[in-house]
Structures are given as C-alpha cells and as structure tokens.
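Start at 1 and go down the list; that is how both ligands and their atoms are numbered. Reckoned from all heavy atoms, side chains included, excluding hydrogens, waters and symmetry mates. Model, not experiment: these values are computed from the prediction.
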Amino acid sequence: MPSYDVIIIGAGPGGYVLAIRAAQLGLKVACIEGRETLGGTCLNVGCIPSKALLHASHMYHEAEHNFAAMGLVGKTPSVDFTKMQEYKSGVVEQNTKGIDFLFKKNKVDRIKGWARITGKGEVTVGDKVLQAANIVIATGSTPASLKGVEVDEKIVVSSTGALALPKVPKTLVVIGAGVIGLEMGSVYRRLGSEVTVIEYLDQITPGMDGEICKTFQRSLKKQGFSFILGAAVQKVETRKTKAIVTYQNRKSGEETQLDADVVLVATGRVPFTDGLGLDEIGVKRNARGQIETDGWKTSVEGIWAIGDVIQGPMLAHKAEDEGVAVAECIAGQKGHVNYGIIPGVIYTTPEIASVGMTEEQLKEQGRAYKVGKFSFMGNARAKAVFQGEGFVKILADAKTDRILGCHLMGPSAGELIHEICVAMEFGAAAEDIARTCHAHPTFSEAVREAALACGLGAIHA
Ligand code: NAI
C-alpha cells in the first residue's frame with residue numbers, strides 16, 4: 001500500500017500550495033483531486049476565469065468610452081462572445097497546466113479521483129487505498145443554495161454557469177450584492193446587459209467599510225447597474241427562455257416580480273465535504289458545516305483542515321497561507337497565519353481593496369483613531385488614465401499613529417493594498433509610509449498622500 005508523510009485532499013490554492021511547500025520541506029506528498037484539472041474552484045471556475053472576462057470586458061469598455069478621447073478613432077470593436085470564452089478557457093488551461101508542472105517539478109504524486117477517509121491514516125480513492133501519517137482536508141466550498149430557487153446553470157446560474165453563458169443576456173438579475181455578484185455583474189453590464197442586483201441587506205458588499213460601500217454603489221449606478229436593496233428573493237420560476245424573480249421588500253412586505261433572461265445566484269458559498277466520510281471517522285463540524293479546527297488540527301488526530309472548509313474568509317490567499325503554515329507544522333516547524341492582515345479585493349472598475357479594521361469596527365471597539373484620506377482626483381497618473389474616481393483611506397491609532405486598516409477604491413487598488421499589508425506586518429505608523437519616497441507619477445502616491453493626511457496633511461489636496 002503506497003505510504004506518504006502527507007496526503008492532501010483537494011488541489012485548490014490551499015491544497016496545491018501545501019503540497020508544494022511540504023515537498024520542498026522534504027516530505028513525501030500525494031495530492032488527490034477529483035476534477036480533471038488541478039487548481040480547484042479558483043483556477044477552474046472562480047478567480048482566474050472571472051479575471052479573464054473582467055479584463056476583456058474592461059478593454060471593450062475602454063474602447064467604447066475612452067479611446068476616442070485619446071485620439072484613437074474608428075469603429076469600436078464588437079463582441080464575439082464565443083471567442084472571448086475561448087480566450088478565458090485558454091487562460092484557465094495555462095494556469096491549471098502550470099500546477100501540473102509544479103507538481104512534477106516538486107515530486108508531488110497527483111492522484112485522480114474522489115477521496116474518502118476510511119480509517120486512521122487511511123484514504124481510499126476508487127479501488128486504491130493509501131496511507132499517510134497526516135491527512136489534510138482542503139476540499140473548498142460550493143455555491144450556497146437559496147430556498148425557492150433551483151439552479152439549472154442555463155437560465156438560473158451559479159458563478160460557474162455565469163462564467164460559461166452561451167451569449168450575453170439582454171437582462172441579468174443578480175441575487176446578492178457580494179463579490180461574485182458585482183464582479184460578474186460588471187462583466188455583463190460592460191458587455192451590454194441590463195443588470196439588476198437584488199440584495200437582502202440595506203447596503204452592497206456588507207462587512208466592508210461603510211464609506212467605501214456607499215461610494216462604490218454610486219459608481220456602479222453611474223455605470224448603469226440598478227440596485228434593489230433590503231429585498232429578500234422569495235422564488236425564481238423559469239419559463240422556456242426566461243425567469244421570473246419574486247422578491248419581497250423587507251420593511252413593507254410588498255412583493256414584486258421581475259423578468260430576466262438569466263438569474264445569477266450569488267448569495268455566498270458553503271464548505272464542501274460531501275463523500276469524505278467525516279461523520280464515520282468523527283471529524284467535528286459546526287452548525288455552518290465548517291470543520292472545527294484548533295491550529296488547523298481537526299478533532300481527529302492526524303487530520304488537518306484548511307481553506308474554505310474551515311472558519312474565516314473564503315479567499316484563495318487565506319487558504320494558501322494556511323497551506324504553507326500546515327506544511328511547516330507537519331515538518332516540525334511553527335506555522336503562522338496573521339488573520340488580522342488578510343487583504344480583500346473586488347476586481348471591478350474601480351477596483352476595491354481593504355485590509356485590517358473598518359471605521360465601523362473601530363467605533364464599535366471605542367478605539368481612538370484618525371483618518372487620512374486622499375482622492376484619486378489629486379493623483380496625476382490616475383487622471384491620465386480616466387481613473388480619478390475613488391480614494392485611499394488609512395485608519396491609524398490616534399495616539400501612536402500605528403496603521404489599523406486601509407480601504408481603497410481606485411486604479412490598481414488590489415496591488416496598492418499590499419504596501420499597507422507589509423507596513424502593518426512591520427507594525428508601521430502612517431508616518432513611516434508618509435516619509436517613504438514613492439515614485440512619480442504612480443497610483444501609489446495616493447497611498448502616501450493618505451498617510452500624509454494622517455499627520456500635517458496631504459500635499460495635493
Ligand atoms: P458574499 O457573501 O460576498 O455575498 C453574498 C450576498 O448575498 C450578501 O451581500 C448577502 O447579504 C446577500 N444575500 C444572501 N441571501 C440573499 C437573498 N435571499 N436575497 C438577496 N440577497 C441575499 O458571497 P458571494 O459573492 O457569493 O461570494 C462567495 C465567496 O467567494 C465569498 O466569501 C467571497 O469572498 C469569495 N469570492 C471572492 C472573490 C474575490 O476575492 N475577488 C471573488 C469571488 C468570490
């Protein structure tokens with residue numbers, strides 16, 4: 001019977017990163033994946049394909065709206081959606097094959113099939129039985145279902161179906177104003193769909209800094225999004241080529257119906273643990289179906305869990321960091337993840353990024369803080385590329401000036417946020433960023449200006 005130091009179940013960003021790091025640390029590693037290709041939801045039907053479609057549709061938007069202003073005149077390109085889908089699939093293929101290459105390079109055994117934990121240190125895949133001192137569950141998550149709504153991946157789709165529509169729908173209703181709803185909504189809005197987002201709460205992207213939520217919503221409205229907030233979707237009925245969405249205003253109780261060519265259900269994701277045999281071996285889960293862990297150890301000795309199947313934000317990079325930490329723990333080192341400094345990014349235009357505490361959280365804690373804000377309208381580079389919308393907001397401790405959080409809306413926000421992440425990891429003050437020379441003209445100058453605004457004041461405001 002093949003025997004390993006570590007068997008990882010699931011080859012998403014958590015599992016494959018763990019496999020590579022564990023192999024680099026000298027451990028004998030196998031990674032079991034049921035999908036044909038490696039990379040999990042992120043590479044196959046999540047982060048990567050959505051970024052390809054966001055890029056293509058953004059280029060189209062630029063051609064439609066900004067090319068003429070730069071003297072690039074002539075016919076605006078039209079959309080060949082089949083070709084765009086091929087481009088997306090090519091991007092996915094390059095990335096998933098990249099993981100195959102990395103597995104070979106690092107001598108990770110890739111095992112195809114759906115795994116079941118069948119005993120202490122024992123995993124069964126089809127008719128193969130494997131043994132390992134350590135088993136890591138990295139099986140990720142799957143779209144949450146919504147009562148009264150049946151997903152057929154044709155008219156009523158999850159994020160998976162939304163990435164593979166045969167044509168651009170004339171009308172799209174998105175249920176849920178979270179990350180998936182707004183990213184995929186942006187793709188189709190830019191390609192010409194009428195997009196209506198129905199959200200249960202009274203604001204979009206709940207949990208994010210309140211000021212960002214409001215400004216972001218205003219920006220999306222300007223792009224042509226319609227929002228129905230404070231509304232609970234009751235049911236979605238499908239006809240031959242259409243869906244009828246019934247929603248209820250949460251305050252008045254009034255029911256309204258809306259037609260759509262396609263309905264995207266984006267109301268969150270749930271841990272995926274089907275078929276693993278967790279009940280039989282006694283791995284404890286909480287009421288939300290997440291595997292309970294302490295230092296990524298489950299309730300059963302020798303079984304670990306990371307990523308979307310455990311608590312915390314369902315983000316690829318959070319899973320990756322946990323993967324590295326568990327590999328280090330198994331190799332006898334000390335693994336560590338700083339859960340206070342995990343950035344979140346929404347890849348719309350403008351892009352949204354945040355890390356650390358929000359103003360609302362600081363108020364709730366009664367913590368004395370100061371705010372340094374700078375608008376991208378004062379950033380020369382942003383204005384030159386039609387992206388002067390948005391701002392950088394740094395929150396720092398009122399007394400010590402230590403950075404507590406940062407919230408960004410604007411060009412390359414998802415890249416800029418990492419300057420703040422590094423600063424926070426080093427326990428930096430806003431003044432440390434303010435006194436660091438930033439190249440001109442870059443978007444990053446806006447971050448420095450926000451840091452300056454935590455002190456004497458920004459220069460270009
Ligand atoms: P989400 O949790 O971000 O948002 C779901 C939204 O649906 C919430 O605003 C919620 O209030 C709303 N909702 C729930 N039930 C509803 C109902 N009956 N009617 C109307 N609205 C309802 O979930 P989402 O967007 O599905 O994303 C799932 C996970 O995937 C998240 O954890 C997200 O962080 C992750 N993800 C991250 C991405 C990124 O980092 N850029 C991209 C895509 C997904």
Should the proximity of A231 to ligand 1, defined as any heavy atom under 4.0 Å, be assigned to the side chain, the backbone, both, or neither?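 It is the backbone that touches ligand 1; the side chain stays farther off.
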What part of Y247, side chain from CB on, backbone N/CA/C/O, both or neither, has a heavy atom under 4.0 Å from ligand 1? neither
For [atom], what is the nearest protein heavy atom, given as residue, atom name and distance?
{"atom": "atom 18 (N) of ligand 1", "value": "L146 CD1, 3.4 Å"}
{"atom": "atom 15 (N) of ligand 1", "value": "T267 CG2, 3.6 Å"}
{"atom": "atom 4 (O) of ligand 1", "value": "G178 CA, 3.3 Å"}
{"atom": "atom 11 (O) of ligand 1", "value": "E199 OE2, 2.6 Å"}
{"atom": "atom 7 (O) of ligand 1", "value": "G176 CA, 3.2 Å"}
{"atom": "atom 5 (C) of ligand 1", "value": "A266 O, 3.4 Å"}

[X] to ligand 1: N or O pair under 3.5 Å?
{"X": "K51", "result": "no"}
{"X": "I175", "result": "no"}
{"X": "A232", "result": "no"}
{"X": "I346", "result": "no"}
{"X": "E183", "result": "yes"}

Answer with yes or no whether the side chains of H438 and E419 bring together a donor and an acceptor at under 3.5 Å. yes
Between T96 and R35, is there a side-chain donor-acceptor contact under 3.5 Å, judged purely by atom types and distance? no
If the threshold is 4.0 Å, N to carboxylate O, is there a salt bridge linking E445 and R381?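 R381 and E445: not salt-bridged.
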Under 4.0 Å from a heavy atom of [X]: give me the atoms of ligand 1 that qualify, with their elements.
{"X": "Y200", "value": "16 (C), 20 (C), 21 (N), 22 (C)"}
{"X": "M314", "value": "32 (O), 34 (O), 35 (C)"}
{"X": "Y347", "value": "41 (N)"}
{"X": "R269", "value": "28 (C), 29 (C), 30 (O)"}
{"X": "I198", "value": "20 (C), 21 (N)"}

What pairs of residues pass the ring pair (Phe, Tyr, Trp, His ring centres under 6.0 Å) test when at least one of them lies in residues 226-266, not counting sequence neighbours? F225-F227
Partner of I32 under side chain to side chain contact (heavy atoms under 4.5 Å, CB included), chosen from V123, I8, I135: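 With I32 as partner, side chain to side chain contact (heavy atoms under 4.5 Å, CB included) holds for just one option, V123.
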Can you see which heavy atom on A23 is nearest to which on V108, and at what distance?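 What the structure gives for the nearest pair is CB-CG2, 3.9 Å.
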For atom 19 (N) of ligand 1, which candidate among L315, L182, V345, V233 holds the nearest heavy atom? V233
Closest to atom 44 (C) of ligand 1 (judged by heavy-atom distance), picking from T205, I180, L54: I180
Would E359 and Y369 satisfy side-chain hydrogen bond (donor to acceptor under 3.5 Å, both in side chains), going step by step from the backbone distance to the final call? CA-CA 9 Å; E359 230 183 310; Y369 66 93; 2.7 Å; yes
